[in-house]
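We count ligands from 1, going down the list as the structure has it; atoms in each ligand are counted the same way. All of these numbers come straight from a predicted model, not from anything done at the bench. Values reported hereafter were calculated over all heavy atoms of this structure, with side chains retained and with hydrogens, waters and symmetry mates removed.
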Amino acid sequence: MKKFLVIGNPIEHSLSPNLHNYWIKKNNLNAIYGKLETYENDLPELCKSVKRGELDGLNVTVPFKNSIIPFLDKLTTEAEKTQSVNTIYLKDEMVIGHNTDIEGFELAIKHIKYDVSQKKVLLLGAGGVSPSIIFALNNMKAKRIFISNRTRSKAENLKKIFSEIEIVEWGALPDLDMIINATSLGLKNDEKINLEYSKIGSNKFFYDVIYNPSQTNFLKSGKDTGNKTENGMKMFLYQAQASFKIWNKITPEVNDKILKLLY
Ligand code: ATR
């Protein structure tokens, strides 16, 4: 039987086991996917378990996407550039770290048929997920990528990797087509991002990486001012699909039924 795990802390509320086990059953695979509350000192042993073939794959979530890197044999181009690993597998006896958040974001945007090419995008936040979003926006040929973070030095660190991004002050609003919340503001229901929403205008696209709650105050403000909105649920689904594909060589379905299953 193949064994997969999602590791992180906290991990209690992860939806990954529900989703992967649903797909495992649907495709009649002899496999199981579990979750493990993990601490920093567990990381070397978990990677060794993959090396020895005791585990067939790991998903890595907050806060270990970067700190797991020293224990891997090799990174894919995507994981290397973003310094972020969410999927681990064994190939040619090497433990490989890959980043499927990039593909997850791209496929989510394509699913809703939004065309990023030639668009001006403001990215809020310079935390763990931001490099993956920048990588994906570049793949999709965004025209300009502005980044705004409360702690400016973290935006400056990202600019060392992605020299094309343009830093703007926290709270500032350049002319934009798309605005993305990649901060953790909104995870708690009462949290708000203080922006002059009326200045953004209408018919723009508000995207939030957060999917629980399904409508953050940020998305609500976007909707109230006449903009298109989307939460991070499809990104979550497609990053999982990409991991599943790597491990099982099967592309599992993503459809409305699965969206309902998770909500
Ligand atoms: P990490 O910073 O450890 O990578 P993260 O959850 O990936 O953690 O990122 C959190 C993001 O939300 C950061 O961009 C953070 O901004 P700072 O770099 O200034 O900390 C942002 N964030 C969290 N709380 C915030 C708040 N109250 N106001 C503005 N930004 C906030």
Side-chain angles (χ1 to χ4, degrees), residues 6-16 37-40 43 59-70 75 78-87 97-102 104-105 108 121-137 145-162 165-174 176 178-197 199-200 206-222 231-233 235-236 239-240:
V6 58
I7 61 170
N9 200 340
I11 202 67
E12 189 53 35
H13 298 290
S14 171
L15 296 176
S16 294
E37 187 180 275
T38 304
Y39 297 85
E40 203 79 33
L43 300 179
N59 272 144
V60 185
T61 184
V62 177
F64 303 120
K65 289 185 182 187
N66 175 263
S67 55
I68 192 112
I69 290 177
L75 299 181
E78 290 84 355
E80 178 72 45
K81 174 100 178 177
T82 56
Q83 287 293 296
S84 176
V85 165
N86 78 330
T87 304
H98 181 48
N99 175 341
T100 69
D101 289 329
I102 299 165
F105 180 73
V121 185
L122 172 61
L123 177 60
L124 304 173
V129 75
S130 291
S132 304
I133 302 228
I134 297 168
F135 196 111
L137 288 170
I145 302 171
F146 301 100
I147 185 155
S148 171
N149 196 56
R150 177 181 60 177
T151 311
R152 190 184 165 100
S153 60
K154 281 168 76 180
E156 282 161 359
N157 287 339
L158 269 181
K159 193 171 165 68
K160 288 178 194 152
I161 305 171
F162 300 97
I165 64 175
E166 303 172 57
I167 300 173
V168 298
E169 286 304 312
W170 180 243
L173 289 169
L176 60 89
M178 179 181 188
I179 178 166
I180 301 171
N181 176 32
T183 74
S184 49
L185 279 173
L187 281 171
K188 297 191 191 108
N189 261 316
D190 54 345
E191 283 174 339
K192 288 196 168 77
I193 306 177
N194 288 322
L195 295 172
E196 285 188 75
Y197 288 94
K199 276 200 176 161
I200 296 176
F206 279 58
Y207 184 93
D208 203 320
V209 175
I210 295 170
Y211 56 83
N212 186 19
S214 60
Q215 184 176 259
T216 56
N217 285 319
F218 169 76
L219 289 187
K220 188 170 185 307
S221 300
N231 72 23
M233 183 51 99
M235 176 178 177
F236 170 73
Q239 64 74 30

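No option in Lys160, Lys154, Lys159 other than Lys160 meets the side-chain hydrogen bond (donor to acceptor under 3.5 Å, both in side chains) test with Asn157. The residue from Leu185, Ile180, Ile210, Leu124 that alone fulfils the side chain to side chain contact (heavy atoms under 4.5 Å, CB included) condition with Phe218 is Leu124.
For ligand 1, the atoms lying closer than 4.0 Å to a non-hydrogen atom of Gly128 are 4 (O), 5 (P), 7 (O). Within the listing of ligand 1, atoms 17 (P), 18 (O), 19 (O), 20 (O) sit less than 4.0 angstrom from a heavy atom of Thr151. Listed by atom number, the atoms of ligand 1 under 4.0 Å from Gly125 heavy atoms are 14 (O).
A donor-acceptor contact shorter than 3.5 Å links the side chain of Asn149 to the backbone of Ala126. Of the possible donor and acceptor atoms, none in the side chain of Lys65 sits under 3.5 Å from a partner among the backbone N and O of Asn86. Judged purely by atom type and a 3.5 angstrom limit, Asn217 uses its side chain to pair as donor or acceptor with the backbone of Glu191.
What sits closest to atom 23 (C) of ligand 1 on the protein, heavy atoms only, is Ser184 OG, 3.3 Å. What sits closest to atom 27 (N) of ligand 1 on the protein, heavy atoms only, is Arg150 NH1, 3.3 Å. Among protein heavy atoms, atom 9 (O) of ligand 1 sits closest to Gly127 CA, 3.5 Å. In this structure, atom 21 (C) of ligand 1 lies nearest to the protein heavy atom Thr183 CB, 3.7 Å.
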(message) Assess the residue pair Phe105 and Gln239 against the criterion (side-chain contact (heavy atoms from CB on, under 4.5 Å)); give the C-alpha distance rounded to whole Å, side-chain angles, the decisive distance to 0.1 Å, and a yes or no.
(response) CA-CA 8 Å; Phe105 180 73; Gln239 64 74 30; over 6 Å; no
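At a distance under 4.0 Å, a protein heavy atom can be found next to atom 7 (O) of ligand 1. Remark: atom 12 (O) of ligand 1 lies closer than 4.0 Å to at least one protein heavy atom.
Contacts of Asn149 with ligand 1, taken as heavy-atom pairs under 4.0 Å, involve the side chain alone. Using a 4.0 Å cut-off between heavy atoms, Ala126 contacts ligand 1 through its backbone alone, with no side-chain atom that close. The part of Lys154 lying near ligand 1 is the side chain, judged by heavy-atom distances below 4.0 Å. Residue-level proximity to ligand 1 for Leu185 is carried by the side chain, the only part with a heavy atom below 4.0 angstrom.
Atom NZ of Lys220 sits in a sparse spot, with 12 or fewer heavy atoms from other residues, nucleotides or ligands closer than 6.0 Å.
For the pair Leu137 and Phe162, the minimum side-chain heavy-atom distance is 4.5 Å or more.
Under 3.5 Å, the side chains of Asn59 and Ser16 contain no donor-acceptor pair of N or O atoms.
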